[in-house]
Amino acid sequence: MARELIIEVLSEALSRAKEAGDLPEHVDPPIELQTPRDPRHGDIATSLALVLASEAGGAGRQIGEKLVSHLDLPQGVIEKIEVAGPGFINFTFSPEYLRGIVREIAAGPAEYGRTNEGEGKTLLLEFVSANPTGPVAVVQGRAGPLGDALAKLLERTGWKVSREYYVNDATNSTQVRRFAETLEARYLQQLGRGASVPEDGYQGDYVVEMAEDLVKAEGDRYLDTPEEERLSAFHDYSLKKIVDGHQRDMTAFGVEFDNWFFESSLHASGEVEAAIEVLKERGYTYEKDGAVWLKATDLGDEQDQVLVRNDGRPSYLAGDIAYHRNKFERGFDRLIDIWGPDHHGHVRRMKAGVQALGYDPSRFEILLHQIVRLFRGSEMVRMSKRAGDIVQLSSLLEDVGADAARFFFLMQSMESHLDFDLELAKKQANENPVYYVQYAHARISSILREAQERGAAVPSIDSVDFSRLEHPDELSLIRKLAEFPDEVAEAASRHEPHRMTRYSRELAAAFHLFYTNCRVLGDDGDLTAARLTLVGATQAVLRSVLDIIGVSAPETM
RNA sequence: GCGCCCGUAGCUCAGUUGGAUAGAGCGGCUGCCUUCUAAGCAGCGGGUCGCAGGUUCGAAUCCUGCCGGGCGUGCCA
């Protein structure tokens with residue numbers, strides 16, 4: 001790859017400059033490259049000379065000139081090297097090198113942009129994991145495309161990724177019991193019995209609907225069942241309904257999981273007790289007020305945390321610690337969780353828990369995404385399961401479609417609040433940026449269809465005269481294609497999938513410009529062949545990007 | 001109170017680990033379809049990068065202090 005080559009060559013030039021006495025021996029800054037935003041500054045630039053100037057003294061430009069005089073670049077990659085501004089060294093790719101990229105993509109469209117940074121190491125990515133006390137809300141749904149796109153990015157950079165959804169269904173947890181009690185109250189109300197939803201129960205209409213279904217399916221047979229038995233039956237009933245719904249929502253959103261992990265299995269297998277036992281043995285627990293506590297303050301948390309309540313039930317944290325112990329025990333090299341903003345306070349104690357278990361905390365990362373604020377026009381919609389005014393992910397998908405929703409969710413960095421205007425998203429569906437990108441793909445498909453009909457389909461690589469690609473808009477399209485591998489690597493290593501939506505728009509823009517100014521199908525057979533190959537390469541990269549984002553690549557629009 | 005996130009064009013947001021003249025989309029105005037899809041392209045207009053200091057060759061980016069918005073701070077999950 002060109003970047004690695006340039007870094008190597010610069011590093012050699014640096015050594016030679018030192019040998020020649022042009023630079024002092026002791027300076028050894030890291031060599032960093034950047035892509036200038038102004039095309040006149042070339043394709044790749046480095047501020048190495050500026051850094052050297054501040055470390056060793058002297059003028060940036062002079063040091064730049066000296067470095068360049070020691071540069072020994074192989075033929076064919078770089079057309080022009082220039083020292084500019086305060087001392088930047090700018091490299092401009094040669095057309096031959098750029099044309100080689102088109103050849104490379106055409107030769108292996110599916111492999112282009114794949115790297116092996118992960119070296120086949122295994123990684124468990126847990127995301128969404130909405131509580132089984134109601135449908136998936138929009139906020140929680142935000143993690144779907146984030147996790148899915150991140151998984152694809154990591155896979156393309158050599159990681160072996162498993163995707164997992166955690167279901168907090170522990171029967172002895174407070175929220176699960178509260179939900180069953182709410183359903184019970186709604187059930188009794190359906191059958192004309194006096195009953196009221198508990199103080200801290202779930203006010204949402206979806207529980208009423210669930211009670212209606214329950215009456216339809218089971219009639220009044222639970223009216224006189226003993227309380228505990230009834231609650232247990234209602235829990236089983238609602239859990240299945242709700243988890244089925246979560247699975248449907250994820251499928252509708254194009255997000256697939258390798259595994260749905262149930263917290264209840266940890267309690268049943270004794271793993272929760274076992275995890276607490278490990279913490280005790282390692283000296284990270286104590287008893288106070290009848291409860292067992294984790295010494296989280298020893299590990300960076302602000303306060304200690306309860307592991308076992310004074311009534312003997314393990315806390316949510318205890319279950320989650322057991323869960324993460326289970327993840328490590330399954331042999332994953334690394335763990336990544338994506339959590340919603342409401343779990344923010346849980347991060348420190350969870351990391352403390354993992355450390356207390358004795359695992360290397362650097363193998364465990366928690367990514368937090370921020371809230372989604374929904375608007376209807378200018379009015380903000382409140383979202384709280386308990387308050388009942390919940391905007392479900394499924395209704396958003398029905399409203400704006402999965403493609404638009406995914407693109408919108410991935411347009412912003414995850415740590416940024418996301419304002420989503422339902423009316424606007426629906427009304428302006430045709431102006432959504434997702435269509436801009438998809439339209440580029442549809443145009444490409446159209447060209448390739450037309451070419452086929454004219455008997456001029458994409459030619460075999462060896463017969464193509466790539467030197468015919470010389471138009472500035474052709475070359476800038478190729479430049480954009482050339483950035484793809486680095487974009488993927490950056491987005492993956494920095495866990496920033498939103499970079500891909502930005503790249504997709506830039507690539508689409510480069511293509512639309514090319515399309516406007518360069519006619520593909522014409523009388524000049526060699527030119528047509530070269531351009532068809534370029535169009536095919538663009539389609540391949542566009543498909544890869546859309547695959548990562550999880551947005552469809554339509555043949556027609 | 002404490003902790004985290006955010007504050008960049010009228011609106012919604014990018015900004016490549018500190019670089020060169022701060023960008024995109026939407027909205028506004030003006031051009032471009034007998035030729036592969038005009039859901040496109042080109043142009044115009046739009047900015048005290050929340051405020052004030054500091055660090056240095058260089059700050060939207062790093063540090064400190066303020067101001068504003070959001071979230072968290074349960075023996076809930």
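So you know, we letter chains A, B, ... as the sequences are listed, proteins then strands, and number each from 1. Just so it is clear, the values below take in all heavy atoms, side chains as well, and ignore hydrogens, waters and symmetry mates. These numbers were taken from a predicted model, which means no experiment stands behind them.
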> With rounding to whole Å, what would you report as the distance between B:C44 and B:C5 at their P atoms?
Replying inline: 39 Å
>> Distance criterion of 3.5 Å, no angle test: do you see the side chain of A:N90 paired donor-to-acceptor with the base of B:A20?
In response: yes
> At their closest point, which heavy atom of A:G141 faces which heavy atom of A:L393, and how far apart are they?
Replying inline: CA-CD2, 4.0 Å
> Is A:A45 touching bases, backbone alone, or none of the nucleic acid, heavy atoms closer than 4.0 Å?
Replying inline: base
Mind listing the N/O atom pairs, protein and nucleotides 4-10 of chain B, below 3.5 Å?
unit_1, atom_1, unit_2, atom_2, d
B:C5, O2', A:E415, O, 2.6

>> Below the 4.0 Å mark, does B:A39 have OP1 or OP2 next to a side-chain nitrogen or oxygen of A:R443?
In response: no
> What interatomic distance, in whole Å, is found between P of B:G65 and the corresponding atom of B:G28?
Replying inline: 45 Å
>> Testing the 3.5 Å rule here: is there a donor-acceptor pair between the side chains of A:H512 and A:R443?
In response: yes
> Under the rule syn = chi within 90° of 0, otherwise anti, which is B:U17?
Replying inline: syn
> Is A:Y436 near enough to B:C41 that one of its side-chain N or O atoms lies under 4.0 angstrom from OP1 or OP2?
Replying inline: yes
>> Checking A:R543 against A:H441: is there a side-chain donor and acceptor pair closer than 3.5 Å?
In response: yes
> What is the nucleic acid contact for A:R519, judged by heavy atoms within less than 4.0 Å: base, sugar-phosphate only, or nothing?
Replying inline: base
>> Determine whether A:H346 and A:Y316 satisfy the following criterion, ring pair (Phe, Tyr, Trp, His ring centres under 6.0 Å), listing intermediate values before the conclusion.
In response: CA-CA 10 Å; A:H346 193 55; A:Y316 168 73; 5.1 Å; yes
> Touch check for A:H343, heavy atoms < 4.0 angstrom, all strands: base, sugar-phosphate only, or nothing?
Replying inline: base
> Got a salt bridge between A:R479 and A:E483, using NZ or NE/NH1/NH2 to carboxylate O under 4.0 Å?
Replying inline: no
>> The side chain of A:I447 is closest to which nucleotide in this list: B:G19, B:C36, B:U16?
In response: B:C36
> Does OP1 or OP2 of B:C76 have a side-chain N or O of A:T174 closer than 4.0 Å?
Replying inline: yes
> With a 3.5 Å cut-off and just heavy-atom distances, do the side chain of A:R40 and the base of B:U21 make a donor-acceptor pair?
Replying inline: yes
> Are A:R454 and A:E450 within salt-bridge range, i.e. N to O under 4.0 Å?
Replying inline: yes
> How far does the P atom of B:U30 sit from the matching atom of B:U35, given to the nearest Å?
Replying inline: 25 Å
>> Heavy atoms only, 4.0 Å cut-off, all strands: where does A:I371 land among base, sugar-phosphate and nothing?
In response: sugar-phosphate
>> Stacking between B:A20 and A:H41, yes or no? Criterion: centroid separation under 5.5 angstrom, plane angle under 30 degrees.
In response: yes
>> How many whole angstroms separate atom CD of A:E506 from atom P of B:G25?
In response: 11 Å
> Taking the same atom, C1', in B:G27 and in B:A20, what whole-Å distance lies between them?
Replying inline: 31 Å
> Mind checking the P distance from B:C63 to B:G19? Whole angstroms is fine.
Replying inline: 15 Å
> When you measure from the side chain of A:R348, which nucleotide among B:G3, B:U16, B:G25 comes out closest?
Replying inline: B:G3
>> My understanding is that only residues two or more places apart in sequence, or in another chain, count here; which of them pass ring-ring contact (aromatic ring centres under 6.0 Å, His included) with A:F88?
In response: none
> Can a salt bridge be assigned to the pair A:K295 and A:D304 using a cut-off of 4.0 Å between side-chain N and carboxylate O?
Replying inline: no
> Given the C1' atoms of B:C41 and B:C33, what is the spacing between them in whole Å?
Replying inline: 11 Å
> What does A:D289 touch in the nucleic acid at a heavy-atom separation under 4.0 angstrom: a base, only the sugar-phosphate, or nothing?
Replying inline: base
> When all nucleic acid strands are considered with a 4.0 Å heavy-atom cut-off, which category describes A:E496: base, sugar-phosphate, or nothing?
Replying inline: nothing
> Among side-chain atoms of A:H343 and A:D337, is any donor-acceptor pair under 3.5 angstrom?
Replying inline: no
> Any idea which of B:G25, B:G15, B:G19 is nearest the A:F88 side chain?
Replying inline: B:G19
> For B:A39, does either OP1 or OP2 sit under 4.0 Å from a side-chain N or O belonging to A:Y439?
Replying inline: yes
>> Just to be sure I understand: a Watson-Crick pair is purine N1 to pyrimidine N3 plus N6-O4 or O6-N4, both under 3.5 Å. Using that and G-U wobbles, which stems of three or more pairs involve RNA chain B?
In response: B:1-7 with B:67-73, B:10-13 with B:23-26, B:28-32 with B:40-44, B:50-54 with B:62-66
> Would B:C33 be called syn or anti, given that syn covers angles within 90° of 0?
Replying inline: syn
>> Just to be sure I understand the geometry, which residues of residues 294-311 of chain A put a non-hydrogen atom under 4.0 Å away from RNA chain B?
In response: A:E302, A:Q303, A:V306, A:R309, A:N310
Below 3.5 Å, can you tabulate the donor-acceptor pairs from side chains in residues 523-531 of chain A to any protein atom, sequence neighbours excluded?
unit_1, atom_1, unit_2, atom_2, d
A:D524, OD1, A:R468, NH1, 3.4
A:D524, OD1, A:D526, N, 3.2
A:D524, OD1, A:L527, N, 3.2
A:D524, OD2, A:R468, NH1, 3.3
A:D524, OD2, A:R468, NH2, 2.6
A:T528, OG1, A:V520, O, 3.2
A:T528, OG1, A:G522, N, 3.1
A:T528, OG1, A:G522, O, 3.4
A:T528, OG1, A:D524, O, 3.0
A:R531, NE, A:E474, OE2, 2.4
A:R531, NH1, A:R519, O, 2.7
A:R531, NH2, A:E474, OE2, 3.1

>> So A:L50, base contact, sugar-phosphate only, or nothing? Heavy-atom distance under 4.0 Å.
In response: base
>> Taking only the C1' atom of each, what is the distance from B:U16 to B:U61 in whole angstrom?
In response: 12 Å
> Name the one of A:D169, A:T171, A:N168 that satisfies side chain to side chain donor-acceptor pair (under 3.5 Å) with A:S264?
Replying inline: A:D169
>> Between P on B:A24 and CG on A:D38, what's the gap in Å once rounded to a whole number?
In response: 13 Å
> With sugar-phosphate meaning primed atoms plus P, OP1 and OP2, does A:R531 contact a base, only sugar-phosphate, or nothing at under 4.0 Å between heavy atoms?
Replying inline: nothing
>> Counting only side-chain heavy atoms from C-beta out, which of B:G19, B:A77, B:U16 sits nearest to A:E490?
In response: B:U16
> When we call it a touch if two heavy atoms are under 4.0 Å apart, what does A:A53 touch: a base, just sugar-phosphate, or nothing?
Replying inline: nothing
>> Under a plain distance cut-off of 3.5 Å, with no hydrogens placed, do A:Q438 and A:S552 share a side-chain donor-acceptor pair?
In response: yes
> Ring stacking, A:Y515 with base of B:G40, under 5.5 Å and under 30°?
Replying inline: no
> Quick one: which of B:C76, B:G19, B:C41 gets closest to the side chain of A:R313?
Replying inline: B:C76
>> Counting only side-chain heavy atoms from C-beta out, which of B:U16, B:C13, B:A39 sits nearest to A:R499?
In response: B:U16
>> Are A:F408 and A:F420 an aromatic pair, judged by ring center distance below 6.0 Å?
In response: yes
> Angle class for the A:Y166/A:Y323 ring planes (parallel below 30°, perpendicular above 60°, tilted otherwise)?
Replying inline: parallel
> Just checking A:S173: base, sugar-phosphate only, or nothing, at a heavy-atom cut-off of under 4.0 Å?
Replying inline: sugar-phosphate
> Between B:G74 atom C1' and A:Q175 atom CD, what is the distance in whole Å?
Replying inline: 13 Å
>> For A:E126, give me all partners under side chain to side chain donor-acceptor pair (under 3.5 Å), at least two apart in sequence or on another chain.
In response: A:S129, A:K327
> Picking from B:G19, B:C71, B:G40, which would you name as closest to the side chain of A:T516?
Replying inline: B:G40
>> Would you say A:S413 places a side-chain N or O within less than 4.0 Å of OP1 or OP2 belonging to B:A14?
In response: yes
